[in-house]
Asker: 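Sharing a structure below in structure tokens format, with a few things to ask.
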Amino acid sequence: MSGPRGGYPSDLTDEQWALVEPLLPPARVGPKGGRREKHPRRRIVDAIFYVVRTGCAWRQLPKDFAPWPTVYWYFTWWHDDGTVERIHDALRGRVREADGRNAEPSAGLVDSQSVRTADTVPAVSRGFDAGKRVKGRKRLIVTDTLGLLLTVHVVAANIQDRDGAKRSLLWTRLDHPGVKKIWADQGFAGRLVDWTATILGRELEIVHKAPDQRGFQVQPKRWAVERTFSWMNAHRRLARDYETSPARSETMIRWAMIGIMVRRLTRGSPAIRSGSRPLIRVGPDEDTVRA
């Protein structure tokens, strides 16, 4: 049921599954051995990727997957025991090594993204970002210079960047002590720069726009973290925040990045966009065309 043989585009190929399967925890069994798991792990993982990629509700999972309560149980189990983080971090190291880098980075990038939330999201975990005029949550991420995720922290959208980023920078300092320098935009300027240097012993450099800049321009260093947000937005489950818990939102983001990394490790060549497709007239009516 992998993508090339049929099934769904979000399904893992055999090569991609070979990367993920060894990183999953062993099956839960009773003291006397218990019974075998009823549903293949691969179909459970494919179902999670289907939700992340398509944005469907858990209850709307197609019937050829395991029952949605079973899939959701695995999702919460692997969230609670840290499996998702371990898979993500292991694959990130492999991607970096495949790119000729050390498994652990020495520099990073920090940025934020405000997204709207569904009505099911508790009001206590959302707010209003007056600058971007978004009512919802804010994602604060730290990436390496390849755009691969190091830490993610989801907060209410009314939290200022310079305040919300403290936790993300602290996690980066603890989990990735080799990161000595981090680049950020002007929204993180001010007291956060001094706090990072004094408390964390790390350098936070603010990348300023050119004084004469008009419109959008790619910013040096920071473009990689902006690209990471575009990678995330390609997953419909992340186009809006549907999770009742901010921690579950962070796990959804990690699943999206896991899918990106396994494709990157197995594609064999740089990704190429298909480009525009010309319209071809297919009938006597001039308005009848197809791509």
Asker: Same cluster or not: are Y242 and V84 linked, directly or through other Ile, Leu, Val, Met, Phe, Trp or Tyr residues, by side-chain heavy atoms under 4.5 angstrom apart?
Answerer: no
Asker: Testing R137, R248, R237 for side-chain hydrogen bond (donor to acceptor under 3.5 Å, both in side chains) with E243, which one passes?
Answerer: R237
Asker: Could you walk me through whether T54 and R236 satisfy the side chain to side chain contact (heavy atoms under 4.5 Å, CB included) test, starting with their C-alpha distance in whole Å, then the side-chain angles of each, then the deciding distance to 0.1 Å, before giving a yes or no?
Answerer: CA-CA 5 Å; T54 66; R236 291 191 175 185; 5.6 Å; no
Asker: To the nearest 0.5 Å, what is the distance between CD1 (I182) and CG (L204)?
Answerer: 6.5 Å
Asker: Just so I know, are the side chains of L12 and V45 near enough to count as touching, which here means a heavy-atom distance under 4.5 Å?
Answerer: yes
Asker: Is the closest basic N to carboxylate O distance between K135 and D129 below 4.0 Å?
Answerer: no
Asker: How close do E226 and D111 get, counting heavy atoms only, and between which atoms?
Answerer: OE2-OD2, 2.9 Å
Asker: To the nearest 0.5 Å, how far apart are NE2 in H208 and CG in D185?
Answerer: 10.0 Å
Asker: Fit a plane to each ring of Y72 and F75, take the angle between them on a 0 to 90° scale, and name the class: parallel (under 30°), tilted (30 to 60°) or perpendicular (over 60°).
Answerer: parallel
Asker: Would you give the length of the straight line joining atom OG of S112 to atom CD of Q160, rounded to the nearest 0.5 angstrom?
Answerer: 9.5 Å
Asker: Can you get from L19 to I258 by hopping between Ile, Leu, Val, Met, Phe, Trp and Tyr side chains that sit under 4.5 Å apart?
Answerer: yes
Asker: So V134 and V115, do their side chains get closer than 4.5 Å, heavy atoms only?
Answerer: no
Asker: Determine whether the side chains of Q113 and N233 contain a donor N or O and an acceptor N or O closer than 3.5 Å.
Answerer: yes
Asker: Quick one: does E85's side chain get under 4.5 Å of T251's, heavy atoms only?
Answerer: no
Asker: Is atom CZ of R86 surrounded by more than 12 heavy atoms (other residues, nucleotides or ligands) closer than 6.0 Å?
Answerer: yes
Asker: Here's a test for you: under side chain to side chain contact (heavy atoms under 4.5 Å, CB included), which of H88, Q16, R94 qualifies with M261?
Answerer: H88
Asker: Heavy atoms only: give me the nearest T117-R126 pair and the separation to one decimal.
Answerer: OG1-CD, 3.3 Å
Asker: From M257 CE over to L149 CG, what is the distance, rounded to the nearest 0.5 angstrom?
Answerer: 5.5 Å
Asker: Do I260 and M232 make a side-chain contact, defined as non-hydrogen atoms from C-beta onward lying under 4.5 Å apart?
Answerer: no
Asker: One pair to check against side chain to side chain contact (heavy atoms under 4.5 Å, CB included): V51 and M252. What are the steps and the verdict?
Answerer: CA-CA 9 Å; V51 171; M252 278 291 181; 4.2 Å; yes
Asker: Do V154 and D241 touch side chain to side chain, with heavy atoms closer than 4.5 Å?
Answerer: yes
Asker: Got a donor-acceptor contact below 3.5 angstrom from the D99 side chain to the R101 backbone?
Answerer: no
Asker: With a 3.5 Å distance limit and no angle check, can you tell me whether T228 reaches the backbone of G147 through a side-chain donor-acceptor pair?
Answerer: yes
Asker: Taking all non-hydrogen atoms of both residues, which atom of P122 and which atom of T244 are closest, and how far apart?
Answerer: CD-O, 3.3 Å
Asker: Of all the heavy-atom pairs spanning P25 and W77, show the shortest one and how long it is.
Answerer: CG-CZ2, 4.1 Å
Asker: Within this structure, what is the CG-CZ distance for the pair L238 and R240, rounded to the nearest 0.5 Å?
Answerer: 13.0 Å
Asker: So, using side chain to side chain donor-acceptor pair (under 3.5 Å) as the criterion, who are the partners of R92 when residues are at least two apart?
Answerer: D89
Asker: In the structure I gave you, are the side-chain heavy atoms of K138 and S114 within less than 4.5 Å of one another anywhere?
Answerer: yes
Asker: Are the side chain of E203 and the backbone of A197 linked by a donor-acceptor contact shorter than 3.5 Å?
Answerer: no
Asker: Is the Y8 to F65 ring centre distance short of 6.0 Å?
Answerer: yes
Asker: Please tell me if the side chains of W183 and T145 come closer than 4.5 Å, counting only heavy atoms from C-beta onward.
Answerer: yes
Asker: Please test I141 against V110 for side chain to side chain contact (heavy atoms under 4.5 Å, CB included), starting from the C-alpha separation and ending with a verdict.
Answerer: CA-CA 6 Å; I141 66 172; V110 63; over 6 Å; no
Asker: Examine L174 and I199 and state if one hydrophobic cluster contains both, with Ile, Leu, Val, Met, Phe, Trp and Tyr joined whenever side-chain heavy atoms are less than 4.5 Å apart.
Answerer: yes
Asker: Which pair of heavy atoms, one from L148 and one from D144, lies closest together, and at what distance?
Answerer: N-OD1, 2.8 Å
Asker: Side chain of R227, backbone of L146: donor and acceptor closer than 3.5 Å?
Answerer: yes
Asker: Counting N and O atoms only, with roles assigned by atom type, does the side chain of T70 sit under 3.5 Å from a partner on the main chain of A66, one being a donor and the other an acceptor?
Answerer: no
Asker: Would a distance-only check, ignoring hydrogens and angles, find a side-chain to backbone donor-acceptor pair under 3.5 Å from R53 to S10?
Answerer: no
Asker: Starting from L91, can I reach V152 by hopping between I/L/V/M/F/W/Y residues whose side chains sit under 4.5 Å apart?
Answerer: yes
Asker: R191 vs D194, test: salt bridge (Lys or Arg N to Asp or Glu O under 4.0 Å). Steps then yes/no.
Answerer: CA-CA 5 Å; R191 59 181 179 271; D194 296 332; over 6 Å; no
Asker: Does R162 reach the main-chain N or O of V193 with its side chain, forming a donor-acceptor pair under 3.5 Å?
Answerer: no
Asker: Is it possible for you to say whether I206 and V142 belong to one hydrophobic cluster, with membership spreading through side-chain heavy-atom contacts below 4.5 Å?
Answerer: yes
Asker: Look at E205 together with K181 and state whether they make a salt bridge at an N to O cut-off of under 4.0 Å.
Answerer: yes
Asker: Please check: side-chain N/O of T198 versus main-chain N/O of W195, any donor-acceptor pairing under 3.5 Å?
Answerer: no
Asker: Pick from W73, F49, W78: which one makes a side chain to side chain contact (heavy atoms under 4.5 Å, CB included) with I44?
Answerer: W78
Asker: Within the structure provided, determine whether R167 and L170 are in side-chain contact (heavy-atom separation under 4.5 Å).
Answerer: no
Asker: Any side-chain donor-acceptor pair under 3.5 Å between H153 and E250?
Answerer: no
Asker: Checking side chain to side chain contact (heavy atoms under 4.5 Å, CB included) between V179 and each of L200, L169, T172, which is the one that passes?
Answerer: T172
Asker: Of all the heavy-atom pairs spanning D161 and L140, show the shortest one and how long it is.
Answerer: O-CD2, 4.1 Å
Asker: Nearest 0.5 angstrom please: H79 NE2 to R254 CZ, how far?
Answerer: 9.0 Å
Asker: Under the side chain to side chain contact (heavy atoms under 4.5 Å, CB included) criterion, do Y74 and E37 qualify, and how do the steps go?
Answerer: CA-CA 11 Å; Y74 277 95; E37 293 181 341; 3.1 Å; yes
